[in-house]
Amino acid sequence: MQTTLSYALHTPRLIVRMIEESDLPDLYQVFSDEAVTRFLPYITWTDTLAAHSWYQRVKEMAAQAAAMQCVIVDKESNKVIGACLLFRFDTECERCELGYALAQPYWRGGYMAEALRALLTHAFGEMAINRVEAEVDPRNPASAQLLRKLGFTQEGLLRQRWKFKGEIKDTWMFGLLRDEWQAAKGAN
Ligand SMILES: CC(C)(COP(=O)(O)OP(=O)(O)OC[C@H]1O[C@@H](n2cnc3c(N)ncnc32)[C@H](O)[C@@H]1OP(=O)(O)O)[C@@H](O)C(=O)NCCC(=O)NCCS
């Protein structure tokens with residue numbers, strides 16, 4: 001399975017491409033906001049050290065073909081406004097997980113749906129993935145609604161699946177299959 005994007009994905013307003021170290025200052029605007037990181041399994045960035053150690057982990061995972069970390073660039077400003085990734089690849093089962101975060105000023109503008117349509121088309125097409133999963137905190141309606149809008153099915157509640165940031169958390173499991181994505185092609 002090819003777990004890097006060898007070219008950028010273009011949408012009307014956005015570019016989705018592999019992360020570069022020079023993206024960190026823009027990403028700092030995203031991940032230093034507690035509203036953005038509230039449901040993410042890592043800390044809110046409070047200094048550049050946090051950004052650089054996150055980037056080291058991203059590079060290590062990429063070296064192990066364990067994650068494909070992309071950024072989302074706003075074509076108008078040429079700024080990185082968010083990030084999305086595919087990770088936990090299971091080559092045998094042709095399965096992976098999806099994660100995403102967007103800078104707060106861009107919320108509710110349809111940006112993440114636009115970026116993820118491009119990423120999912122690539123995942124189900126070039127990467128030949130059959131099933132994409134996403135986990136959502138039940139207290140995160142924006143994320144759940146985004147996934148429903150993209151055609152994901154809410155498959156079940158995994159109780160007390162996570163323990164981080166001093167909390168035990170339930171998670172909704174969402175799943176989307178290649179057949180479903182291709183059947184809905186016109187809509188995507
Ligand atoms: C989740 C997130 C990426 C959504 O991005 P976005 O660009 O605002 O989403 P979109 O504008 O594409 O909207 C997708 C759908 O979600 C809905 N939505 C967005 N924010 C919402 C909210 N706060 N409450 C309910 N629905 C919401 C939109 O209305 C839209 O549905 P609709 O077209 O049926 O109305 C963004 O809120 C975010 O980055 N949150 C912080 C990080 C995070 O929680 N990541 C997910 C971890 S699982």
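All ligand and atom numbering here is 1-based and tracks the order in the structure.
- Heavy-atom distances between E135 and ligand 1 reach below 4.0 Å in at least one pair.
- In this structure, the protein non-hydrogen atom closest to atom 33 (O) of ligand 1 is K149 NZ, 2.9 Å.
- The closest protein non-hydrogen atom to atom 29 (O) of ligand 1 is R108 NH2, 3.5 Å.
- Within a 4.0 Å radius of atom 48 (S) of ligand 1, the protein has at least one heavy atom.
- Atom CG of L98 and atom CD of E133 lie 10.5 Å apart (nearest 0.5 Å).
- Between A35 and ligand 1, no N or O atom pair is found at a separation short of 3.5 Å.
- Using a 4.0 Å cut-off between charged nitrogen and carboxylate oxygen, E114 and K75 do not count as a salt-bridge pair.
- Annotation: atom 45 (N) of ligand 1 to nearest protein heavy atom, Y100 O, 2.8 Å.
- Inter-residue side-chain proximity for W45 and T37 is flagged as unmet; no heavy-atom pair is nearer than 4.5 Å.
- For the pair R161 and E135, the salt-bridge criterion is met [side-chain N within less than 4.0 Å of a carboxylate O].
- Which parts of ligand 1 touch G109 is read off a 4.0 Å heavy-atom cut-off, strictly below it: atoms 11 (O).
- Note: no N/O pair closer than 3.5 Å links V136 and ligand 1 by distance alone.
- Close contacts between ligand 1 and M112 involve ligand atoms 3 (C), 5 (O), 6 (P), 7 (O), 12 (O) [criterion: under 4.0 Å to a heavy atom].
- In terms of protein heavy-atom proximity, atom 41 (C) of ligand 1 is nearest to V36 O, 3.4 Å.
- For the pair R139 and F39, the cation does not sit on the ring face, since its NZ or CZ is not both under 6.0 Å from the ring centre and inside 45° of the axis.
- The shortest N or O to N or O distance between N140 and ligand 1 is under 3.5 Å.
- For atom 39 (O) of ligand 1, the nearest protein heavy atom (residue, atom name, distance) is L102 N, 2.8 Å.
- Shortest contact from atom 17 (C) of ligand 1 to any protein heavy atom: Q145 CG, 3.4 Å.
- Salt bridge K169/E167: present, at least one basic N to carboxylate O contact under 4.0 Å.
- The shortest contact between atom 20 (N) of ligand 1 and any protein heavy atom is with A142 CB, 3.3 Å.
- The contact set between ligand 1 and L40, taken as ligand atoms under 4.0 Å from a residue heavy atom, comprises 45 (N), 47 (C).
- When the options A113, P141, A115 are ranked by their closest heavy atom to atom 12 (O) of ligand 1, first place goes to A113.
- In this structure, the side chain to side chain contact (heavy atoms under 4.5 Å, CB included) partners of T91, at least two apart in sequence or on a different chain, are M1.
- Side-chain contact between R38 and N140 is absent, with no heavy atoms from C-beta onward closer than 4.5 Å.
- Under the side chain to side chain contact (heavy atoms under 4.5 Å, CB included) criterion, A35 pairs with D33, Q104, W107, sequence neighbours left out.
- What sits closest to atom 40 (N) of ligand 1 on the protein, heavy atoms only, is W107 CZ2, 3.5 Å.
- No hydrogens or angles considered: nothing links the side chains of S143 and Q145 as a donor-acceptor pair under 3.5 Å.
- Note that CD of E155 is 9.5 Å distant from CG of L176, once rounded to the nearest 0.5 Å.
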